[in-house]
Engineer: 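First the structure, which I've put down as structure tokens, then a few questions once you've had a look.
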Amino acid sequence: DTEVTQTPKHLVMGMTNKKSLKCEQHMGHRAMYWYKQKAKKPPELMFVYSYEKLSINESVPSRFSPECPNSSLLNLHLHALQPEDSALYLCASSRQGLPQTYNEQFFGPGTRLTVL
Amino acid sequence: SQQGEEDPQALSIQEGENATMNCSYKTSINNLQWYRQNSGRGLVHLILIRSNEREKHSGRLRVTLDTSKKSSSLLITASRAADTASYFCATDTQGGSEKLVFGKGMKLTVNP
């Protein structure tokens, strides 16, 4: 299995809702990432988990809460989001945990999030 | 922060032609990677070139790296309509954080 899966594909939520995004990989990768991508912009790193521990938080607002239950799963819990949080949320994984170089990242198809 | 910057921002060519995209970056790097993204989808890794390498090939792709000029180029030969996508370069930061920073991206359209 050489893919990263993400669910759901699309999500529409109100500003008072609580929802979660899910990411899964079965490649034995030890680093997992959350990115946010706005239309016609590059992906922006949000969080990095390395060996199931949060290694990097790019000063992301607390309304985004990541969780790594095990080495294959990565969740992003959403609460009290704003309309400007609407974006494509991408999950990725890479073989080695941090510190690492020479690592390609494998991306999931993303979750298209719309906040009303 | 923005590290890589692709040039041109958009390119439209005919099938069979070659497409060249350039990427410039500001700080020293360990490696530079190129990714492709089809519309609204996830990114696909194309090729990784290390800072001590000057050129790398993968199928119809050729990547060069000039660390003295802090620039890289991606050449796609004999382009196909299926190559239509956005292309991003991504760099890490030597001696700094291990995260990737993506360039602004370049939209390639290959017309059949």
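The chains referred to below are lettered A, B, ... by the order of the sequence lines, with proteins before strands, and numbering in each begins at 1.
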Engineer: For Thr7(A), what residues pass the side chain to side chain donor-acceptor pair (under 3.5 Å) criterion, not counting sequence neighbours?
Structural biologist: none
Engineer: Go through the atoms of Gln6(A) and report whether side chain, backbone, both or neither lie under 4.5 Å from a heavy atom of chain B.
Structural biologist: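 When you check distances to chain B, no heavy atom of Gln6(A) falls under 4.5 Å.
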Engineer: Just grab all the disulfide bond (SG atoms under 2.5 Å apart) pairs involving residues 30-65 of chain A, residues at least two apart or on different chains.
Structural biologist: none
Engineer: Ignoring hydrogens and angles, state whether a donor on the side chain of Tyr35(B) or Gln33(B) is under 3.5 Å from an acceptor on the partner side chain.
Structural biologist: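 Yes.
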Engineer: Roughly how far, to the nearest 0.5 Å, is the CG atom of Leu65(B) from the CD1 atom of Ile49(B)?
Structural biologist: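 Ile49(B) CD1 to Leu65(B) CG: 5.0 Å, rounded to 0.5 Å.
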Engineer: Examine Phe47(A) together with Phe64(A) and report whether their ring centres are nearer than 6.0 Å.
Structural biologist: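 Ring-ring flag for Phe47(A)/Phe64(A): false, centres at least 6.0 Å apart.
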Engineer: How long is the span from the CD1 atom in Ile47(B) to the CG atom in Leu74(B), to the nearest 0.5 Å?
Structural biologist: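 One finds 7.5 Å between CD1 of Ile47(B) and CG of Leu74(B).
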Engineer: Would you find a donor on one side and an acceptor on the other, under 3.5 Å apart, between the side chain of Ser73(B) and the backbone of Asn22(B)?
Structural biologist: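 Checking the backbone N and O of Asn22(B) against the side chain of Ser73(B), no donor-acceptor pair under 3.5 Å is found.
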Engineer: Is there any residue in residues 109-116 of chain A with a non-hydrogen atom under 4.5 Å from a non-hydrogen atom of chain B, and which ones are they?
Structural biologist: Pro109(A), Arg112(A)
Engineer: Just checking Lys19(A): does its NZ atom have more than 12 heavy atoms from other residues, nucleotides or ligands closer to it than 6.0 angstrom?
Structural biologist: no
Engineer: When rounded to the nearest 0.5 angstrom, what is the spacing between CD in Gln105(A) and CZ in Phe102(B)?
Structural biologist: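 The distance works out to 5.5 Å.
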Engineer: Would you please test Tyr25(B) and Ser72(B) for side-chain hydrogen bond (donor to acceptor under 3.5 Å, both in side chains) and show each step?
Structural biologist: CA-CA 9 Å; Tyr25(B) 57 92; Ser72(B) 172; over 6 Å; no
Engineer: So if I take each residue of residues 66-91 of chain A and look for any heavy atom under 4.5 Å from a heavy atom in chain B, which residues do I end up with?
Structural biologist: Leu88(A), Leu90(A)
